[in-house]
Amino acid sequence: KSRIPKRKKNAHKGSVGNLAMLCGSYGMSGAAYLSGLAAIRSGVGIARMIVPDSIYPILASGLPEAVYVPYESNNISSSLKNIADTVGKSSCAVIGCGVGTEQSVSNMVYSLISSAKIPIVLDADGINIISQNIDILMKSEAQIVLTPHPAEMARLMGATVQEIQSNRFRAAMIFAQKTGKIVVLKGANTIVALPDGKIYVCMHGNPGMATAGSGDVLAGIIGSLVSQGLSPADAAVCGVHIHAAAGDLASAKYSVHSMIARDIIESLPSLFKEYED
């Protein structure tokens, strides 16, 4: 509660965070929608959704609160400068939720991570792309929060899921210290491992959160908090807690069988109201 940014009376949208979100692809518009809505519901002033033109009309009609930077999905190279400029003027970037792993997309992700000076939350396909060349991750000057589930963690480390799950603490800690980046290893009792060796374990959450889109929601929350001024480490820890606590509220209302990712987002206002009191 003490970490959540207090909103000043003279606040305006530009003073409470400017978040760039490279998310979504044809067939995966939901990932962009959920991460964007979660970021906005978590308090960011402006969410700039960098999305392919193929899904722009769908997102714009469903999430009008966001600002959109559409790019040509069949000619990404022509939009690279505009995309880089959008990321460069933001306070944080969320990269990877449902973005796909085509070569042109991979090239774009590599370019952004290599040149970025702002914090990055790297999720889903962003992690899968980087797993093919983690040297780029280690060379990046940006503060990066990675949010892998066990299978993605296994790809990053060249291991099996069973090996990751057999010692989750060790896997997260080793990768955080090796790369100098923050690792959020998702799952029951999500782990946040910092490069300095500190590890945090989330004691909230429930099996109902094992639903498509839940990870996109978490990435949006963490990115929103970083954009509002939290350090990436604090944003990772607080974001994981908020995500899990919202999930517990959702399961209490809808049951673990019936809750969906949107229910987690719908539970956020109650939590933030509590934090503001």
Side-chain angles (χ1 to χ4, degrees), residues 17-25 28-44 46-51 59 63 66 87 90-101 105 109 112-113 116 118-131 137 142-153 156 172 181-187 190-193 202 205 209-228 230-247 260-262 264-265 267-268:
N18 190 334
L19 177 64
M21 307 191 75
L22 179 63
C23 301
S25 58
M28 294 293 287
S29 58
Y33 171 83
L34 290 167
S35 58
L37 182 57
I40 293 169
R41 276 295 189 190
S42 297
V44 73
I46 305 173
R48 298 185 187 276
M49 307 295 295
I50 305 170
V51 299
L59 289 172
L63 188 59
V87 171
S90 301
S91 42
C92 178
V94 172
I95 297 177
C97 303
V99 80
T101 57
V105 174
V109 171
L112 292 174
I113 290 176
I118 63 170
I120 293 173
V121 178
L122 195 63
D123 185 49
D125 286 332
I127 292 172
N128 293 328
I129 289 169
I130 287 300
S131 68
L137 180 66
Q143 293 180 293
I144 298 178
V145 179
L146 298 100
T147 58
H149 56 53
E152 291 163 347
M153 192 79 238
L156 285 171
K181 311 304 181 186
I182 298 166
V183 175
V184 175
L185 180 52
K186 296 182 289 194
T190 290
I191 294 168
V192 180
C202 181
M209 298 178 74
T211 184
S214 180
D216 302 315
V217 173
L218 175 60
I221 294 171
I222 295 174
S224 180
L225 294 175
V226 175
S227 290
Q228 293 174 69
L230 267 71
S231 70
D234 280 349
V237 174
C238 292
V240 165
H241 173 83
I242 290 168
H243 179 252
I260 57 177
R262 273 180 294 171
I264 300 174
I265 299 174
S267 299
L268 290 174

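Residue numbers run from 1 in the order of the sequence given.
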Is the shortest heavy-atom distance from the side chain of Ile95 to the side chain of Val87 under 4.5 Å?
no

Per side-chain contact (heavy atoms from CB on, under 4.5 Å), His243 is matched among Cys238, Ser267, Ser42, Ser214 by Ser214

To the nearest 0.5 Å, what is the distance between CZ (Arg262) and CZ (Arg41)?
13.0 Å

Distance-minimising heavy-atom pair for Val145 and Ala236:
CG1-CB, 4.2 Å

Taking all non-hydrogen atoms of both residues into account, name the closest pair between Ser25 and Val99 and its distance.
CB-O, 3.7 Å

Would you mind reporting whether Ile144 and Ile113 have side-chain heavy atoms less than 4.5 Å apart?
yes

Are Val183 and Leu156 side-chain neighbours, meaning at least one heavy-atom pair lies under 4.5 Å?
no

Point-to-point distance, once rounded to the nearest 0.5 Å, from CG of Leu37 to CE of Met49
9.5 Å

CG/Leu22 to CD1/Ile50 distance, rounded to the nearest 0.5 angstrom?
5.5 Å

Point-to-point distance, once rounded to the nearest 0.5 Å, from OG1 of Thr211 to CD1 of Ile264:
7.5 Å

Of all heavy-atom pairs linking Ser35 and Ala32, the shortest is OG-O, 3.2 Å

Any donor-acceptor pair under 3.5 Å linking the side-chain atoms of Asp123 with those of Thr147?
yes

Partners meeting ring-ring contact (aromatic ring centres under 6.0 Å, His included) with His149 (sequence neighbours left out)
none

Between the CE atom in Met153 and the CD1 atom in Ile191, the distance rounded to the nearest 0.5 Å is 10.0 Å

Smallest separation among heavy atoms of Val121 and Cys92, with atom names:
CG2-SG, 4.3 Å

Heavy-atom closest pair, residues Pro119 and Pro232:
CB-CG, 4.1 Å

Please, which pairs that meet side-chain hydrogen bond (donor to acceptor under 3.5 Å, both in side chains) have at least one residue in residues 233-242, sequence neighbours excluded?
Arg3-Asp234

Do Val105 and Asp125 come close enough that some side-chain heavy atom pair is under 4.5 Å?
no

Okay, side chain of Ser224, backbone of Gly220: is any donor-acceptor separation there less than 3.5 Å?
no

CG-CG distance between Leu122 and Leu137, expressed to the nearest 0.5 angstrom:
7.0 Å

Option from Ile129, Asn128, Ile127 for which side-chain contact (heavy atoms from CB on, under 4.5 Å) with Val109 holds
Ile129

Within the structure provided, determine whether Leu63 and Ile40 are in side-chain contact (heavy-atom separation under 4.5 Å).
yes

All salt bridge (charged side-chain N to carboxylate O under 4.0 Å, His left out) counterparts of Asp216, not counting sequence neighbours:
none

Exercise: identify the closest heavy-atom pair between Ser90 and Ile118
O-CG2, 3.3 Å

